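The structure displayed is predicted, hence computed values, not measured ones. Numbering of ligands and ligand atoms starts at 1, following listing order.
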Amino acid sequence: MSQNISDKLTSKLVAMAENESQPWKIPPIVQELAAGVPEPPSRYMVREQDRPAMAAAAPMPEPIPIVDLSRLSAADDDGAVADEVAKLRSALQDWGFFLAIGHRIEPEILTKMMQVTRGFFNLPLEEKQKYSNVVNGNEFRFEGYGNDMVVSEDQIMDWNDRLYLIVEPESLINHSLWPARPPAFTGVLRKYTAGCRAIAGVVLATLARILLGIHDERRFVDMLNDGVAMTHARFNYYPPCPMPELVLGLKPHSDASVITVVLVDDVVSGLQVQKPNDASGVWYDVPIVPNALLVNVGDVIEIMSNGFFKSPVHRAVANAESDRVSLVMFYTLDMEKEIEPLPELVDEKRPRRYRKTTTKDYLAVMFDRFATGARAMDTVKISTAGHGSGTRSEDG
Ligand SMILES: O=C(O)CCC(=O)C(=O)O
Ligand SMILES: [Fe+2]
């Protein structure tokens, strides 16, 4: 027992000493930093070739795809369902995302969700630090308030603070990390979570219908109820930046989720996407559409659909005038669940394009790669240029 305590103490002291010699591991809260610096510190400055180039970001070349979810589950007397399914299909094939209307979350809940999100980030630092994602002075945990993990001294940091929470299933909620203030936070988040769950269900049923047929509509939805599938909420806060053209709010990435539902700031834009299957690399500004929620394909659906649907690369840019918030719901599968292309979607004409992985392996790669700006997806893609499958065995 005493040996145990002394071991713990020793490891804590070692960790503290390491931490002192590696202060870069615990970055400042960007909101605090932003309030005091005339220009972003160098570790936030992106390489010249990766700069946001705000001027070069283009408006979307066509109207942003909007899908009315209420029509997807209506009676199909007049072909309305088929029309809406077709819209969803082309939105996801062209862009990897769409804006959902007819989603049945009342506008008041969306407004309140925005208010409590802003309310949390506007609290004094000491209050927010009660939910810190750094424990024992130097250990990062995945849930909580702070920055994303810093894995190396030369990592380029995002102009972003975030609160990360598991919101489903109930048994995995860490109640001590749910903010007590603003007082409405918990109640609103619960309602919002239930509304998003319904959205994820309708969209996943439609994707399965497109890929496998109506008889197999529940294939993806059932995965969200299989084992311990989790929903993670990421509340993003982007402070104003004195030189926004030198930083990124969030570096380019695709989501490691099955599917993602995003509530973007209702006043300040900042989300930009690249068009899947378009090699030009142009960034498009996503416009704000009141009361619509953005739904995007995640890496898991890209893999399981054998590339039929692509998980779009996106990023967030900062701006000089205003802060910005967003709330992102990531649907993930049981940690042990194997992820690979559905056998029905692999044949001679369309050979397997992704290696098998598991949720936990993929998330581990994702967190590591995100820090460096690399894509986790590249570790499971099978090169189509040659016929080799890379260095790892395809079933490994
Ligand atoms: O802030 C946004 O609009 C997007 C955030 C995002 O992509 C993420 O948190 O994964
Ligand atoms: Fe994202």
From the options R324, R234, H253, select the one whose nearest heavy atom is closest to atom 10 (O) of ligand 1.
->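 Checking each option, the heavy atom nearest atom 10 (O) of ligand 1 is found in H253.
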Measure from atom 8 (C) of ligand 1 to every heavy atom in N160, T260, L250 and give the option owning the shortest one.
->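 Checking each option, the heavy atom nearest atom 8 (C) of ligand 1 is found in L250.
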Just wondering, do M304 and L333 contact through their side chains at under 4.5 Å, heavy atoms?
->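 Touching, per the 4.5 Å side-chain cut-off.
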Is there side-chain contact between D148 and R234, with heavy atoms separated by less than 4.5 Å?
->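 Of all side-chain heavy-atom pairs linking R234 with D148, at least one is under 4.5 Å.
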For the residue pair F185 and W178, does the interplanar ring angle fall in the parallel (under 30°), tilted (30 to 60°) or perpendicular (over 60°) class?
->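 Perpendicular: the ring planes of F185 and W178 meet at over 60°.
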Aromatic ring pairing F120/Y145, orientation class (parallel under 30°, perpendicular over 60°, tilted between) |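 Correct class here is perpendicular.
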Against heavy atoms of [X], which atoms of ligand 1 measure under 4.0 Å?
X    : answer
H314 : 7 (O)
F330 : 10 (O)
V328 : 5 (C), 8 (C), 9 (O)

How about N291 and H103: does a side-chain donor come under 3.5 Å of a side-chain acceptor?
->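 No donor-acceptor contact under 3.5 Å links the two side chains.
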Looking only at heavy atoms, which two atoms of A200 and I259 are closest? And how far apart?
->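 In terms of heavy atoms, the two residues are closest at CB-CG2, 4.3 Å.
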Please state the angle at the Fe ion (ligand 2) spanned by NE2 of H253 and OD1 of D255: what is it, rounded to 10 degrees?
->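 The angle at the Fe ion (ligand 2) comes to 90°, rounded to the nearest 10°.
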Which one holds for [X] and ligand 1: side chain close, backbone close, both close, or neither close, with close meaning a heavy atom under 4.0 Å?
X    : result
D255 : side chain
D265 : neither
R315 : neither

Among all the protein's non-hydrogen atoms, which is closest to [atom], and how far away is it?
atom                   : result
atom 9 (O) of ligand 1 : N236 ND2, 3.0 Å
atom 2 (C) of ligand 1 : S326 OG, 3.4 Å
atom 4 (C) of ligand 1 : L271 CD1, 3.8 Å

I would like to know whether N174 and R141 meet side-chain hydrogen bond (donor to acceptor under 3.5 Å, both in side chains); could you show each step before the answer?
-> CA-CA 12 Å; N174 192 341; R141 64 178 160 196; over 6 Å; no
Single-linkage hydrophobic cluster, 4.5 Å side-chain cutoff, V346 and L212 together |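 V346 and L212: separate clusters.
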Between CD1 on residue I29 and CD on residue Q129, distance to nearest 0.5 Å =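 The CD atom of Q129 is 5.0 Å from CD1 of I29, to the nearest 0.5 Å.
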Which atom, counting only N, O or S, brings H314 closest to the Fe ion (ligand 2)?
->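 Relative to the Fe ion (ligand 2), the closest nitrogen, oxygen or sulfur of H314 carries the name NE2.
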